[in-house]
Structures are given as structure tokens and as C-alpha cells.
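As C-alpha cells, the structure follows; a few thoughts come after it.
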Amino acid sequence: MQILENISLKSLNTFSIDVSARYFSRFKTIDELQEILNWSKLKGLNPMILGGGSNVLFTKNYDGLILKNELIGIEKVKEDDSFVYLKAGGGVVWHDFVMYCIKNNLSGIENLALIPGCAGASPMQNIGAYGVEVKDSFYELTAMDKQTSQAYKFSNSECEFGYRESVFKHKYKDRFVITDVTYRLSKTPHFKIEYGAIRQQLEDDNVQELSIAAIANAVIAIRTSKLPDPAVIGNAGSFFKNPSVPEEQFDLLKEKYPGIVGYKNTEGLVKVAAGWMIDRCGLKGFRRGDAGVHDKQALVLVNHGKATGNEILEISKIVRTAVFEKFGIEIVPEVNII
Ligand code: FAD
Ligand code: EPU
């Protein structure tokens with residue numbers, strides 16, 4: 001066990017915010033994790049678990065212990081006529097896991113290609129993209145209680161998944177380390193190409209025979225064309241969630257703004273594209289110092305270089321106020337603000 005002190009987190013968060021952690025350690029095995037948890041208990045700390053750092057905004061130096069999850073490995077845990085159950089260590093890079101499934105002809109998460117971060121964080125906010133969410137293929141996970149070091153299994157329903165939500169963001173916030181996740185992948189492909197520009201991209205790619213690899217490639221092409229690469233420009237993907245409003249409210253907005261984008265869901269609510277609203281507020285490409293709104297996707301806030309977390313947070317407040325004043329809709333952050 002190696003505990004480092006006053007470590008820079010700049011290369012460990014995709015916003016590239018230059019803050020430091022009072023204590024920092026990594027774990028590659030469950031034994032190492034338990035050893036560090038024992039140490040942190042003695043210090044009276046509740047460590048923060050970090051995966052790829054692609055959904056966090058640090059607003060100050062972290063005055064505690066940050067633990068980087070480096071539990072790797074993918075294994076088949078069972079198989080039946082229709083499905084293969086694959087378990088991934090919490091530190092496995094999510095996109096590598098997606099590619100592993102595709103290579104083995106296992107369908108379910110191909111639409112989630114190129115989402116940054118680690119497998120261990122995938123259930124945290126039920127990651128989703130292009131018509132698919134983790135909850136559609138998720139089977140179970142193992143989580144260790146940070147205070148008692150006891151391990152528990154959580155099934156799909158026990159994770160209480162919702163849109164960018166899970167039990168780990170509410171009832172069990174900051175309590176567990178997710179050490180592994182198991183997905184139930186289908187041996188028969190179920191193609192989902194209705195969302196957004198996938199169909200068009202498949203046509204542009206001249207795909208003659210549909211396959212999970214072709215879908216992943218289409219998703220990768222679309223994502224690359226509009227989302228900033230964190231290696232080039234700091235960001236954490238969508239900064240806000242898309243808000244849901246009652247249908248009547250949406251219909252009134254539609255009269256006033258015929259171009260407004262919304263998707264009806266089952267509960268009589270319409271999920272409104274926050275990026276469209278921010279764009280219509282004239283904020284796409286808005287910049288103050290090194291903090292700003294991405295010029296191709298207004299839902300993404302960016303660090304052009306040396307922005308601080310608070311400067312990004314300030315931009316987020318400007319955006320929230322503008323959207324509320326123009327559309328009367330509150331938008332809330334998706335990113336974890338630390
Ligand atoms: P981190 O940022 O390291 O952590 C996120 C939160 O989870 C923190 O609170 C952390 O403490 C906690 N956590 C992480 N790992 C564990 C663990 N093992 N146990 C307990 N707690 C843990 N998200 C989407 O849903 N859809 C998208 O399409 C999408 N696109 C993105 C595009 C870009 C360019 C970027 C930068 C981000 C995007 N995201 C998207 C957000 C992000 O990639 C996901 O939320 C991802 O799952 C975060 O994984 P991570 O390992 O980086 O988590
Ligand atoms: N739009 C604009 N201007 C913009 C941005 C978007 O007019 O600047 C319009 C688009 O033209 C489109 C609509 O808004 O009609 C929705 O845009 P897009 O398809 O890009 O998706 P999004 O709602 O902005 C969501 C997720 C993404 C996910 C994509 C694809 C949330 C908060 N975001 O973005 O997830 O990749 O759909 O499924 O739900 C993330 O969570 O970090 C993330 C990137």
C-alpha cells in the first residue's frame with residue numbers, strides 16, 4: 001500500500017482542473033483495497049473513489065483521500081442458450097469492455113461505445129447514449145462498504161436505475177466502492193438504430209450488412225464529430241441533464257418556439273433537449289477566460305486551458321439562469337461537483 005500526499009489531480013480528471021488531493025492511492029486488488037480502507041478508517045476519512053475522472057468537476061483541493069480504482073480483468077461468469085454474463089473489474093476502461101463484447105459477438109452495449117470512464121462507474125449514473133442505457137443489459141454488481149469492508153451484491157432492480165440515476169447517487173451516496181460489474185449480453189444481436197443520426201451515419205458509411213460493429217463505428221463517428229476530445233479540450237460530456245416537463249408546458253413552448261426538441265416518455269412528460277435551449281439562448285461557444293460552452297454542443301462546458309473549477313461553475317450558473325429566464329425551465333447538473 002502506498003499513500004501519496006498532495007498529489008495533483010490535473011491528469012486524473014477530464015476537465016483538467018488543476019487541484020490536488022491531500023492523500024492519494026491506487027488499488028489493483030481487493031486485498032489492497034481492504035488495506036487502504038483500514039488505513040482510512042483509522043484516519044477517520046471517507047475516501048472518494050475515482051475511475052476515469054470523466055464525470056467530476058473539482059472546485060477546490062480535495063482535503064481527504066482519493067482512491068483510484070485499478071481493478072481490471074474481464075471474465076465469463078455464466079452462459080445459457082441466449083446470453084453470456086461477463087464480469088468486468090471496476091477499473092476496466094468502459095470502451096475496452098464494449099469492444100471486447102463486440103469482438104466476441106455479444107450484443108447489448110454497442111451503442112455505448114466511446115463513453116469515457118471505467119466499468120465501475122457505469123452503473124453510478126446508468127450511463128446512456130443513442131437509445132440505450134446500461135440498465136438494459138446490466139445484471140449485477142459487487143460493492144464494498146467503505147466503513148465495514150463488507151461486500152454486497154446489487155441486482156438490476158436493487159440499483160434503482162433511472163435517467164442518469166441510481167441508488168448510489170442517493171440512498172447509498174458515498175457509501176460503497178463498486179468493485180466489479182456483470183453484464184448480460186445477448187448472443188443474438190438486437191439492433192437499435194432509431195436514435196438520432198445512427199441510420200444516416202450507417203448510410204454514409206455505406207454499410208450493406210448491419211452488425212453490432214457497424215453500429216459501434218457509426219456511434220463513434222457521430223460522437224467524434226460533435227463531442228470534444230478531453231485529451232484536447234477539458235470537459236466532462238453533458239454538463240446538465242435534459243429536463244422533463246409536463247406535456248401541456250411543452251405544447252405551450254412549442255407554439256412559441258416551433259423548433260424546440262423534446263421526446264415524449266411514458267409518464268406524460270416530455271424530455272427537452274437542454275443543448276437546444278442553451279443554443280437558443282445564444283450561448284453556444286460563449287467563453288469567459290478559459291471557461292466556456294462548447295461551440296459544437298452547447299450542453300458541454302469546456303476548459304480551454306487553465307480554467308478553475310469555480311470558473312466552470314460560474315459558466316454553469318450563467319447558462320442555468322439564461323435557460324430559466326427564456327424558457328422557464330430549471331436545468332440541473334449531471335456532473336458530480338466536488
Ligand atoms: P468518475 O468521473 O471517476 O466518477 C464519477 C462518480 O462516480 C464520482 O462520484 C465517483 O466518486 C464515483 N465512482 C466512480 N467509480 C466508482 C466506483 N468504482 N465505486 C464507487 N463510486 C465510483 N455519460 C453518459 O451517460 N453518456 C454519454 O454519452 C457520455 N458521454 C461523455 C462524453 C465525454 C467526452 C465525457 C468526458 C464524458 C461523457 N459522459 C457520458 C460522462 C462519463 O463518461 C460517465 O459518467 C462515466 O461513466 C464516468 O466514469 P468515470 O470512471 O470517469 O467516473
Ligand atoms: N442541439 C442543439 N444545439 C446544441 C446541442 C444540441 O440544437 O448545441 C439539439 C440537437 O440538434 C438535437 C438535440 O438538441 O436535436 C439533442 O442533442 P444530442 O442528440 O446531441 O443529444 P443531447 O441530448 O445533447 C444526450 C446525452 C448524451 C448522449 C447523447 C446521445 C444527456 C444529458 N446527454 O445529449 O450524453 O451522448 O444524448 O444519446 O442526456 C453525457 O451524459 O455526458 C452525454 C454526452
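Whatever order the structure lists them in is the order used to number ligands and atoms, beginning at 1.
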Classify the contact between [X] and ligand 1 as side chain, backbone, both or neither, using a heavy-atom distance cut-off of under 4.0 Å.
X	answer
Phe176	backbone
Asn235	both
Asn55	both
Pro228	backbone
Ile127	both

Sort out for me which residue in Tyr139, Phe83, Phe138 forms a ring pair (Phe, Tyr, Trp, His ring centres under 6.0 Å) with Tyr183.
-> Phe138
If you count the non-hydrogen atoms of other residues, nucleotides and ligands that lie under 6.0 Å from [atom1] in [X], is the total more than 12?
X	atom1	result
Lys254	NZ	yes
Asn6	CG	yes
Lys153	NZ	yes
Ile72	CD1	no

I'd like to check which ligand 1 atoms, numbered from 1 as shown, lie under 4.0 Å from a non-hydrogen atom of [X].
X	answer
Ala236	35 (C), 36 (C), 37 (C)
Ala129	28 (O)
Gly117	49 (O), 50 (P), 51 (O), 52 (O)
Leu50	3 (O)
Gly237	31 (C), 32 (C), 33 (C), 35 (C), 36 (C), 37 (C), 38 (C)
Gly128	24 (C), 25 (O), 26 (N), 27 (C), 28 (O)
Asn69	18 (N)

Go through Leu210 and Ile215 one step at a time and tell me if the side-chain contact (heavy atoms from CB on, under 4.5 Å) criterion holds.
-> CA-CA 7 Å; Leu210 202 50; Ile215 292 179; 4.1 Å; yes
Do me a favour and list the nearest non-hydrogen protein atom to [atom] with residue, atom name and distance?
atom	result
atom 1 (P) of ligand 1	Gly53 N, 3.6 Å
atom 40 (C) of ligand 1	Ile115 CG2, 3.8 Å
atom 29 (C) of ligand 1	Arg223 NH2, 3.6 Å
atom 16 (C) of ligand 1	Ile49 CG2, 3.7 Å
atom 6 (C) of ligand 1	Asn336 ND2, 3.5 Å
atom 41 (C) of ligand 1	Ser54 O, 3.7 Å
atom 14 (C) of ligand 1	Ala121 CB, 3.7 Å
atom 7 (O) of ligand 1	Met124 CG, 3.6 Å

Under-4.0 Å salt bridge between [X] and [Y]:
X	Y	answer
Lys187	Glu79	yes
Lys284	Asp279	yes
Lys306	Glu311	no

Do [X] and [Y] pair up side chain to side chain, a donor and an acceptor below 3.5 Å, judged on atom types alone?
X	Y	value
Lys43	Tyr23	yes
Asn38	Gln34	no
Asp180	Thr142	yes
Asp205	Gln201	yes

Taking only non-hydrogen atoms of [X], do any sit less than 4.0 angstrom from ligand 1?
X	value
Lys169	no
Gly90	no
Glu133	no

Are any of the N/O atoms on [X], whether in the backbone or the side chain, positioned under 3.5 angstrom from an N/O atom of ligand 1?
X	result
Ser122	no
Gln125	yes
Leu227	no
Gly51	yes

Cation-aromatic face contact Lys271/Tyr263, 6.0 Å, 45 degrees | no
Determine the minimum heavy-atom distance between Val56 and Val335, stating which atoms define it.
-> C-CG1, 3.7 Å
side-chain contact (heavy atoms from CB on, under 4.5 Å) assessment of Phe286 paired with Val319 = CA-CA 10 Å; Phe286 172 77; Val319 168; 5.9 Å; no
side-chain hydrogen bond (donor to acceptor under 3.5 Å, both in side chains) with Lys241: which of Gln125, Glu165, Glu334?
-> Glu165
Identify, chain by chain and in numerical order, each protein residue with a heavy atom under 4.0 Å from an atom of ligand 2.
-> Ala129, Tyr130, Tyr163, Arg164, Tyr195, Arg223, Lys226, Gly237, Ser238, Phe240, Lys241, Asn242, Val261, Tyr263, Ala273, Gly275, Trp276, Asp279, Lys284, Gln297, Ala298, Leu299, Glu334
Candidate pair Phe327 and Val272, rule side-chain contact (heavy atoms from CB on, under 4.5 Å), full reasoning = CA-CA 11 Å; Phe327 299 99; Val272 188; over 6 Å; no
May I ask you to decide if the ring planes of Tyr172 and Phe168 are parallel, tilted or perpendicular, using 30° and 60° as cut-offs?
-> tilted
Identify which of Cys118, Pro116, Gly234 has a heavy atom lying nearest to atom 43 (O) of ligand 1.
-> Pro116
Say you draw a straight line from SG of Cys281 to CZ of Phe324; how long is it, rounded to the nearest 0.5 Å?
-> 12.5 Å
